[in-house]
**Q** 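Quick one: the structure is below, and I'll ask about it shortly.
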Amino acid sequence: MKKITVSDILNLDIFSGYRLVAGKSGLLNEIHYINIYDNPISEIDTDIQLFPGDVYLTFFYYGKDDTSYIMHTLNYLISQKGAALIVFDEYMNTLPKEAVALCDAAGLPVIFLNCRTPYSLVIASIMECKIAMEQKNTLEEKLETIVSRNSSADEKHQLLRELNPSFQQNITALFAQTETAMQSSTIVNLISIIIRDLRNFAAEFRGGILFLLSYPDSRTDTAAKTIQHTADQIHNAFPDALIGVSNPHKLDDAGRAISE
């Protein structure tokens, strides 16, 4: 099951123009939530609830003229196994050398963003990315269950109806993959085009995109037209895509279609 990492969020539009100043080795750190840390050093620090895997947002206001504050904060976040620190550059645009060395050694990515970027948009963008990843994982789990030989016919039937209650009684599976990485935004656009036909389903699966095309009758010409139209749309989005096509099957044999 894929988890959202620091590297994933750096591809979001909100991070356009970001600068990674330290901790490159931690780009695969898993992200759980987002937190804010911009407090003066005090005895209540130990009572502040921090969580492993959180991304922290800060302006480093209290560290603008105080390297000791920066080092204290970084050591604290590292001790709490923070995933990354995002610094808005209103009061500083780099870290002291000793802070860079500390974060490099600990694998704590420190990312500078334009100070005009609202906290709220950063938080919303990261959480939307996390939710989308969780939804993708859920779909992949359902598809794996449908394909599995250990799943009952009733379980597969129920999952197919959850994927798309508008599936017709005949189905063909297509699987598209490219040699180079598929751009996420293009994948989303292609999937949205395919599922405009409410009889269809599409989702990322096993490193590519799976398409389940359904139609009301089993005539060969009906399937051929639907398959060709979908293949054309795939190649419009990904000209170098390799496309595998299953034989037509009844809906309850969708697992076999996917396996083919």
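One is the number of the first residue; the rest follow in order along the sequence.
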**Q** More than 12 heavy atoms of other residues, nucleotides or ligands under 6.0 Å from CG of Asp232: yes or no?
**A** yes
**Q** List the steps and the verdict of side chain to side chain donor-acceptor pair (under 3.5 Å) for Tyr215 and Thr172.
**A** CA-CA 9 Å; Tyr215 29 89; Thr172 300; 2.3 Å; yes
**Q** Is there a side-chain contact between Arg161 and Phe167 (heavy atoms, below 4.5 Å)?
**A** yes
**Q** How far apart are the closest heavy atoms of Ser214 and Asn200, and which atoms are they?
**A** N-OD1, 3.5 Å
**Q** Less than 4.5 Å apart, any side-chain heavy atom of Glu260 and any of His249?
**A** yes
**Q** If I compare all heavy atoms of Pro52 with all of His32, which pair ends up nearest, and what's the gap?
**A** O-ND1, 3.0 Å
**Q** Is Met133 reachable from Ile9 through a run of I, L, V, M, F, W or Y residues, each pair having side-chain heavy atoms under 4.5 Å apart?
**A** no
**Q** Between Arg196 and Ile193, does the side-chain contact (heavy atoms from CB on, under 4.5 Å) criterion hold? Intermediate values first, please.
**A** CA-CA 5 Å; Arg196 284 176 190 168; Ile193 290 171; 4.1 Å; yes
**Q** Is the Phe88 to Phe60 ring centre distance short of 6.0 Å?
**A** no
**Q** Should we say atom NE2 of His229 is surrounded by more than 12 heavy atoms from elsewhere, each under 6.0 Å from it?
**A** no
**Q** Please examine the side chains of Tyr33 and Ile126, heavy atoms only from C-beta on, and report whether any two atoms are closer than 4.5 Å.
**A** no
**Q** Where do Leu251 and Leu160 land on the side-chain contact (heavy atoms from CB on, under 4.5 Å) test, with the steps shown first?
**A** CA-CA 8 Å; Leu251 178 61; Leu160 285 166; 4.3 Å; yes
**Q** Please find the pair of heavy atoms, one from Glu30 and one from Ala83, that lie closest to each other, and give the distance.
**A** O-CB, 3.6 Å
**Q** Please give the remaining members of the hydrophobic cluster of Leu28, linking ILVMFWY side chains under 4.5 Å, ordered by chain and number.
**A** none
**Q** When you look at OH of Tyr18, are more than 12 heavy atoms from neighbouring residues, nucleotides or ligands closer to it than 6.0 Å?
**A** no
**Q** Can you tell if the side chain of Pro109 reaches within under 4.5 Å of the side chain of Leu20, non-hydrogen atoms only?
**A** yes
**Q** A side-chain contact here means heavy atoms from C-beta on lying under 4.5 Å apart; do Ile31 and Lys3 qualify?
**A** no
**Q** Show your reasoning for whether side-chain contact (heavy atoms from CB on, under 4.5 Å) applies to Val6 and Ile111.
**A** CA-CA 10 Å; Val6 178; Ile111 301 145; 3.9 Å; yes
**Q** Which pair of heavy atoms, one from Ser25 and one from Gly107, lies closest together, and at what distance?
**A** OG-CA, 3.5 Å
**Q** Is the closest side-chain heavy-atom distance between Val87 and Leu57 below 4.5 Å?
**A** no
**Q** Tracing side-chain links under 4.5 Å among I, L, V, M, F, W and Y, which residues wind up in one group with Phe211?
**A** Leu174, Met182, Ile187, Leu190, Ile191, Ile194, Ile195, Ile209, Leu213, Ile227, Ile234, Phe238, Ile243, Val245
**Q** For Glu134, what residues pass the salt bridge (charged side-chain N to carboxylate O under 4.0 Å, His left out) criterion, not counting sequence neighbours?
**A** Lys130
**Q** Could you measure the distance from the CE atom of Met92 to the SG atom of Cys115? Nearest 0.5 Å is fine.
**A** 12.5 Å
**Q** Distance-only, no hydrogens or angles: does the Thr58 side chain make a donor-acceptor pair with backbone N or O of Tyr37 under 3.5 Å?
**A** yes
**Q** Please determine which of Ile86, Ile4, Ile123, Leu85 meets the side chain to side chain contact (heavy atoms under 4.5 Å, CB included) test together with Val55.
**A** Ile86
**Q** Ring pair (Phe, Tyr, Trp, His ring centres under 6.0 Å) for Tyr119 and Phe59? Distances and angles first, verdict last.
**A** CA-CA 10 Å; Tyr119 267 16; Phe59 273 82; 5.6 Å; yes
**Q** Would you check if the side chain of Ser16 reaches a backbone N or O of Asp13 as a donor-acceptor pair within less than 3.5 Å?
**A** no
**Q** Kindly write out the residues that satisfy side-chain hydrogen bond (donor to acceptor under 3.5 Å, both in side chains) with Arg206, not counting sequence neighbours, or none if the list is empty.
**A** Glu144
**Q** List in chain and number order the residues that pass side-chain hydrogen bond (donor to acceptor under 3.5 Å, both in side chains) with Asp8, two or more places apart in sequence or in another chain; answer none if no residue qualifies.
**A** Lys2, Thr5
**Q** Quick one: do Asp154 and Ser152 satisfy side chain to side chain donor-acceptor pair (under 3.5 Å)? Show the steps, please.
**A** CA-CA 5 Å; Asp154 287 344; Ser152 69; 5.5 Å; no
**Q** Does this structure show an ion pair linking Lys250 with Asp252, if we count only N-O contacts that are shorter than 4.0 Å?
**A** no
**Q** Angle class for the Tyr62/Tyr69 ring planes (parallel below 30°, perpendicular above 60°, tilted otherwise)?
**A** tilted
**Q** Suppose we screen for side-chain hydrogen bond (donor to acceptor under 3.5 Å, both in side chains). Which residues come up paired with Glu204, at least two apart in sequence or across chains?
**A** Lys136
**Q** Using a 4.5 Å cut-off between side-chain heavy atoms of Ile, Leu, Val, Met, Phe, Trp and Tyr, which other residues end up in the same hydrophobic cluster as Val188?
**A** none
**Q** Heavy atoms, side chains only, cut-off 4.5 Å: are Val122 and Leu113 in contact?
**A** yes
**Q** Grab the two heavy atoms, one from Leu139 and one from Ala203, that are nearest each other, plus how far apart they are.
**A** CD1-CB, 4.0 Å
**Q** Has the side chain of Asp104 got a donor or acceptor atom that lies under 3.5 Å from a matching backbone atom of Gly23?
**A** yes
**Q** Run the numbers on Asp240 and Thr178 for side chain to side chain donor-acceptor pair (under 3.5 Å), then give the verdict.
**A** CA-CA 6 Å; Asp240 62 335; Thr178 60; 4.9 Å; no
**Q** Glu128: which residues meet the salt bridge (charged side-chain N to carboxylate O under 4.0 Å, His left out) condition with it, sequence neighbours left out?
**A** none
**Q** Count I, L, V, M, F, W, Y as connected when their side-chain heavy atoms are under 4.5 Å apart, and connections chain through other members. Are Ile36 and Leu77 then in the same cluster?
**A** yes
**Q** Using the salt bridge (Lys or Arg N to Asp or Glu O under 4.0 Å) rule, collect all pairs that involve residues 178-193, keeping only residues at least two apart or in two chains.
**A** none
**Q** Could you work out, with side-chain hydrogen bond (donor to acceptor under 3.5 Å, both in side chains) as the rule, every residue matching Asn114, not counting sequence neighbours?
**A** none
**Q** Looking at CG of Asp253 and CD1 of Ile171, how far apart are the two atoms once the value is rounded to the nearest 0.5 Å?
**A** 10.0 Å
**Q** Leu159 and Leu198: same hydrophobic cluster, using ILVMFWY side-chain contacts below 4.5 Å?
**A** no
**Q** Looking at side-chain heavy atoms only, is the closest gap between Ile258 and Ser246 below 4.5 Å?
**A** no
**Q** Checking Lys156 now: which residues fulfil salt bridge (charged side-chain N to carboxylate O under 4.0 Å, His left out) with it, not counting sequence neighbours?
**A** none
**Q** Determine yes or no for a side-chain-to-main-chain donor-acceptor pair under 3.5 angstrom, with Ser148 supplying the side chain and Thr145 the backbone.
**A** no
**Q** Using 0.5 Å steps for rounding, measure from the OG atom of Ser151 to the CD atom of Gln158.
**A** 13.0 Å
**Q** Considering all heavy atoms of both residues, which atom of Ile78 and which atom of Ala106 are nearest to each other, and what is their separation?
**A** CD1-CB, 3.5 Å
**Q** Do Leu242 and Leu210 share a hydrophobic cluster (ILVMFWY, side-chain heavy atoms under 4.5 Å, transitive)?
**A** no
**Q** Could you give me the CA-CA distance, side-chain angles and deciding distance for Thr94 and Asp89, then say whether side-chain contact (heavy atoms from CB on, under 4.5 Å) is met?
**A** CA-CA 8 Å; Thr94 191; Asp89 62 4; over 6 Å; no
**Q** If you group Ile, Leu, Val, Met, Phe, Trp and Tyr whenever their side-chain heavy atoms sit less than 4.5 Å apart, what else falls in with Ile131?
**A** none
